[in-house]
Every structure is written in structure tokens, then in C-alpha cells.
Amino acid sequence: QVQLVESGGGLVQAGGSLRLSCAASGIMFTINGMGWYRQAQGKQRELVAAMPSGGRTNYADSVKGRLTISRDNAKNTVYLQMNNLNPADTAVYYCNADIWAVRVGPATYWGQGTQVTVSA
């Protein structure tokens, strides 16, 4: 069993920065691809940034140059550095990971979501 725990959300003014963290914990497991999604009020969930284990990162056009995904394999943690935020970035952000775990096999996991609110 694997759990993703997110942190780092909050309220920030336009132009400010936040850093989201997502840590995976549980019994023996291997993390494959990880990514960040977000869902704004009244909109569908969209991919923000993805980091396949063996591939290059992929960003939504709206966040390129402002948001950066990174991964610390030793800590089983993925980060989303968010700079120059604007109100359009306001959403609930979800961590996502494709994980293989002993006696479970491959599965997709989601964090609980963390609210990011950017004021004008």
C-alpha cells in the first residue's frame, strides 16, 4: 500500500512563489512516472507537469517557464516550484504517480490535493 502526501499550498499574491511537495510512503515500492495536475473551479482536471522515469519532462503551455517539476528519488518526493504566479493558477493541485508495489503490482496513485490561491 502506497500513500501520496502533498504539502506547500496556500494563498499568495500575484507574482509570488510557492513550492509544492509530494512524498510517497508505504511498503516496498518503485516509483515510475510522477506528475502534477490541477483542477480549477468549474473546470476539468488538467496536466500541469509530468516527469516520466526515463523520459523528458512535459509541461502545459500555460505554465512553461514559470513552473518547474523536480524529483528527489532518495526521498521519494516530487516537487513543483511555482514562480511568477497569477490568478489563473488558482486551483487544487494533485500529485500523481505510477507506482509498482510488492503484492500490489502497478497502480496509479493520487495525492489528496492542496489548494493554491493566487490573489490579484
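FYI, side chains are in, hydrogens and waters are out, and symmetry mates aren't considered; it's all heavy atoms of this structure.
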Q. Will you find, in the side chains of Asp98 and Thr108, an N or O donor that is under 3.5 Å from an N or O acceptor?
A.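 Yes, a side-chain donor-acceptor pair sits under 3.5 Å.
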Q. Looking just at side-chain N and O atoms, do Arg71 and Asn73 make a donor-acceptor pair shorter than 3.5 Å?
A.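 Yes - a donor-acceptor pair under 3.5 Å links their side chains.
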Q | Tyr94 and Arg45, any side-chain heavy atoms less than 4.5 Å apart | A |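 SC-SC contact between Arg45 and Tyr94 confirmed.
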Q.
Is there a side-chain contact between Tyr93 and Met82 in this structure, where contact means two heavy atoms from C-beta onward sitting under 4.5 Å apart?
A.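 A side-chain contact exists here, since the closest heavy-atom pair is under 4.5 Å.
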Q: Please collect all disulfide (SG to SG under 2.5 Å) contacts where either partner lies in residues 14-66, sequence neighbours excluded, each pair once.
A: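 Listed by first then second residue: Cys22-Cys95.
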Nearest heavy-atom neighbours spanning [X] and [Y]:
X: Thr90; Y: Gln115; value: CG2-NE2, 4.0 Å
X: Ser17; Y: Val12; value: N-CG2, 3.9 Å
X: Gln1; Y: Val104; value: N-CG2, 4.2 Å

Say whether, by atom type as modelled, one donor and one acceptor occur between the side chain of [X] and the main chain of [Y] under 3.5 angstrom.
X: Thr77; Y: Ala23; result: no
X: Glu6; Y: Gly113; result: yes
X: Tyr59; Y: Ile69; result: yes
X: Arg66; Y: Ser62; result: yes

Q: Name all pairs fulfilling the ring-ring contact (aromatic ring centres under 6.0 Å, His included) condition that reach into residues 18-40, sequence neighbours left out, sorted by first residue then second.
A: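 Output for this query lists Tyr37-Trp110.
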Q.
Applying a strict under-4.5 Å side-chain criterion to I, L, V, M, F, W and Y, I'd like to know whether Val92 and Val48 cluster together.
A.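 No; Val48 is not reachable from Val92 via cluster members.
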(Q) Starting from Tyr79, can I reach Leu18 by hopping between I/L/V/M/F/W/Y residues whose side chains sit under 4.5 Å apart? (A)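 No; tracing contacts between hydrophobic side chains, which count when under 4.5 Å, never links both residues.
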